[in-house]
Trainee: 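Mind having a look at this structure? Questions to follow.
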Protein chains: 2
Amino acid sequence: MVVTVYDVAQATGLSIASVSRALNGRPGVSAATSERIVKIAADMGYQPNEVARSLVAKATQTIALLVPDITNPFFPELVKGVQSVADEGDQLLLLLDAPSDPHRLADRLAALRRKQVDGVIVVASELDSADDDLFHGIPGVFLDRAGSGSAPSVSVDQEQAAYLATRHLISRGHRRIAHVLGPENLAVSALRRRGWERACHEAGLPADDDLVFHGDFLEEGGFHAAEQILDARDGITAVFAANDLSAIGVLACCAARGVSVPEDLSVIGLDGIELARFTAPALTTVAQPIRELGERACALLLDVISGAPAGDVVLPVRLIDGASVQAHSGDGGGSPTNGGQR
Amino acid sequence: MVVTVYDVAQATGLSIASVSRALNGRPGVSAATSERIVKIAADMGYQPNEVARSLVAKATQTIALLVPDITNPFFPELVKGVQSVADEGDQLLLLLDAPSDPHRLADRLAALRRKQVDGVIVVASELDSADDDLFHGIPGVFLDRAGSGSAPSVSVDQEQAAYLATRHLISRGHRRIAHVLGPENLAVSALRRRGWERACHEAGLPADDDLVFHGDFLEEGGFHAAEQILDARDGITAVFAANDLSAIGVLACCAARGVSVPEDLSVIGLDGIELARFTAPALTTVAQPIRELGERACALLLDVISGAPAGDVVLPVRLIDGASVQAHSGDGGGSPTNGGQR
DNA sequence: GTGAAAGCGCTAACAG
DNA sequence: CTGTTAGCGCTTTCAC
């Protein structure tokens, strides 16, 4: 039914050894025979069985990427980055969703190990406990989570990113800045909150619980948080949402209630997803170099696999000026605001 | 280094056959020994090598999902659907991006075949030529593309969906309705355009080239198209964007130019992505049952793999009322519009 | 340059 | 109930 090296050997009248050599371009066959073998194999529609090959090679040319929630636009952009270098390295990329439950995550990882994947990248932004040797022997790297010891990582300084976002609002004269949290159990959420706090404290501004609103990194949570912010109002003139999706939820709520952004309320996000350019108004945000994060992570993994020394990588963020932040009448330093793009 | 059945056999003093039986819960071992084997194996940290197992089983318990552009939010939602039933079926799901170039697509498929995946789902919305036996022997199903003959498919009636979207605008009194196209080379684009045309013609409305604007299924293209629409204006009071992402681009452009939606221009999309609920204003759109499409496709594939008879599946769409469409002063029939949600 | 044979780790007859 | 023995399809020594 399916044609194997045996069939090719028989058809050519040669041994499977020669066939294998020829098909893999390995030396030890005369150019002439090699050519003949390749041609006949092609004619017969021979396709090597990678499973058999992997069994002897003890390598599968396959790496896995575990992503917490493919539905969040941040991750697909990350995937693109990983994909591009995986392709270059001729590795097949398996994308799968990572259970947030560390126990189930470990199971998935074990399954991958049994499948003999050559390496694993886990996007651990939404993972809390940095669990010891999650990887249990297989080469692995963490993406979007700072050094957890057990494996090299590629990430940005989340606390700093949040700090910068908040600084931006402060420089525009805002004195009461609300923060929409990420999911409470995540390390990133805590880091981003801390960055916001640091910026506020440093500027002598309040950063107490009254200014903190629950969120979930999704539009829904941002929308909800905004409802509460708008209900309370409480002198708040700006909000720093823990990520862009939350910020989009905030914008949606404002629109629904006729609160105009940035005139009545300034909004800043964090992530720099593509979509942020197409909100109304365009979202001001602190962007992570998303694609590059993916690329570096994959390159790093390839290094680890080949046994090269590998250290942690931390990439810089940068502010992207949209039209969702406006100078507030207060004092405040900073240059005059960009008043929107219309 | 890695522990194998041999090591376990040695440790228990039994044969590899018994070990294999016990580990797989197959009959032919006494409960007592079986228990002992399992325990010892666990202690030793034994992990079966799936590659070896696959070689003999001639099955990998793995299916692949080829998606054109994971960056378009439509697809991640689809993935979720597929994932859920793949999990139930204990199949590992490989997600990979499908080159739009049919030649490179064929290569990818060939690679998957060599990897011995048990089946493949190809999201073919963005594929033009329905190429004969793309699958070349491996069980496969098409997702989001109507019957192409070579493999069963799961889809919605795209022409009808577009027709419904346009009908909705017409029922709100709009008489000059622009259409933002999808990528020109795609079959879906043509179908959606045709649906728009049918609705217009049927109502005695114009559907000529002046009303058709290029797009790319992305925000960018929608934004661009909107610029042209607003520049020309030309009596246009509503636009039907070929997909939600395009519609989002249109909304962004309107916002940037101070054109209010739906007061000055009504906008309707097609897809029903999650995000459509959080635009400003919330997008009115014809929704595909995205998750269910994924679920059905995977279920169908599982059927095909197990040799069960499998027919094409067509799922219904439904209108989701947002706040981006408003009744137009003209005549028009239909019930009074929902004036926005604020 | 070419072939015979061993073996990757596992499952599945077939004997005992 | 348990062990021996063949392979699955391929790569790779090791002889010739």
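These numbers come from a predicted model, not from an experiment. Letters go in sequence order (proteins before strands), and every chain restarts at 1.
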Trainee: Expressed as a whole number of angstroms, how long is the span from Q10(A):CD to dC10(D):C1'?
Mentor: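 These atoms are roughly 17 Å apart.
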Trainee: Counting only side-chain nitrogens and oxygens, does S18(A) get under 4.0 Å of the OP1 or OP2 atom of dG3(C)?
Mentor: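 Checking S18(A) against dG3(C): at least one side-chain N or O falls below 4.0 Å of OP1 or OP2.
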Trainee: For the side chain of A17(B), starting at C-beta, report the closest nucleotide among dA13(C), dT11(D), dG9(C).
Mentor: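 Nearest nucleotide to the side chain: dA13(C).
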Trainee: Give the rounded distance in Å between these two atoms: CG of N24(A) and C1' of dT2(C).
Mentor: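 After rounding, the reported distance stands at 16 Å.
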Trainee: Applying a 4.0 Å non-hydrogen cut-off, can you work out what S54(B) is touching in the nucleic acid: base, sugar-phosphate, or nothing?
Mentor: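 S54(B): no heavy atom of the nucleic acid under 4.0 Å.
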Trainee: Tell me what R26(A) touches on the nucleic acid: a base, only sugar-phosphate, or nothing, going by heavy atoms under 4.0 Å.
Mentor: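 R26(A): backbone/sugar contact only, no base atoms under 4.0 Å.
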Trainee: Quick one: on DNA chain D, does R21(A) or T33(B) contact a more 5' nucleotide (nearest heavy atom)?
Mentor: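 Nearest nucleotide further toward 5': that of T33(B).
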Trainee: Send over the distance from Q116(A) CD to dC8(C) P, rounded to a whole Å.
Mentor: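 Taking CD of Q116(A) and P of dC8(C), I get 14 Å after rounding.
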Trainee: Look at S15(B) and dG3(D) and indicate whether a side-chain polar atom (N or O) is within less than 4.0 Å of OP1 or OP2.
Mentor: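 The answer is yes; a side-chain N or O of S15(B) sits under 4.0 Å from OP1 or OP2.
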Trainee: Applying side chain to side chain contact (heavy atoms under 4.5 Å, CB included) between V123(B) and each of L65(B), D69(B), D97(B), L66(B), report the one that passes.
Mentor: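 For V123(B), the side chain to side chain contact (heavy atoms under 4.5 Å, CB included) test succeeds with only one of L65(B), D69(B), D97(B), L66(B), which is L65(B).
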Trainee: For R36(A) and dT2(C), what is the distance between atoms CZ and C1' respectively, to the nearest whole Å?
Mentor: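 Going from CZ in R36(A) over to C1' in dT2(C) covers 13 Å.
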Trainee: Find the distance K58(B):NZ to dC10(D):C1' and express it as a whole number of Å.
Mentor: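 Checked: the NZ to C1' distance equals 12 Å.
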Trainee: Once side chain to side chain donor-acceptor pair (under 3.5 Å) is applied, what residue pairs with a partner in residues 27-37 of chain A remain, sequence neighbours excluded?
Mentor: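 Passing the test, one end in residues 27-37 of chain A: S30(A)-T33(A).
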Trainee: To the nearest Å, give me how far apart CZ (R53(B)) and C1' (dG9(D)) are.
Mentor: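 In whole Å, dG9(D) C1' and R53(B) CZ are 18 Å from each other.
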Trainee: Nearest to the side chain of S30(A) - dC10(D), dG1(C), dG9(C)?
Mentor: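 Nearest to the side chain of S30(A) among the choices is dG1(C).
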Trainee: With a non-hydrogen cut-off below 4.0 angstrom, is I16(A) in contact with a base, only sugar-phosphate, or nothing?
Mentor: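 Base: the residue I16(A), judged by heavy atoms under 4.0 Å, touches a nucleobase.
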Trainee: Would you tell me if any nitrogen or oxygen in the side chain of Y46(A) comes within less than 4.0 Å of OP1 or OP2 on dC10(D)?
Mentor: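 Yes, within the criterion.
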Trainee: What is the separation between atom CZ on R114(A) and atom P on dT11(C), rounded to the nearest whole Å?
Mentor: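 The answer, rounded to whole Å, is 12 Å.
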Trainee: Could you check whether D101(B) pairs with R108(B) (Lys NZ or Arg NE/NH1/NH2 to Asp/Glu carboxylate O, under 4.0 Å)?
Mentor: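 Here D101(B) does not pair with R108(B) in a salt bridge, since their nearest N and O are not under 4.0 Å apart.
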Trainee: Quick check: do K115(A) and T62(B) have side-chain heavy atoms less than 4.5 Å from each other?
Mentor: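 Side chain of K115(A) against side chain of T62(B), heavy atoms only: contact under 4.5 Å found.
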Trainee: Testing R291(A), Q288(A), E274(A) for side chain to side chain contact (heavy atoms under 4.5 Å, CB included) with E77(A), which one passes?
Mentor: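 Single side chain to side chain contact (heavy atoms under 4.5 Å, CB included) partner of E77(A) among R291(A), Q288(A), E274(A): E274(A).
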Trainee: Output the rounded distance in Å from CG (L23(B)) to P (dA12(C)).
Mentor: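 Result: 13 Å.
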Trainee: For S20(A), which contact category applies under a 4.0 Å heavy-atom criterion: base, sugar-phosphate, or nothing?
Mentor: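 Touches a base.
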Trainee: Please figure out whether A52(A) or V29(B) has its closest DNA chain D nucleotide nearer the 5' end.
Mentor: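 In this pair, the answer is V29(B).
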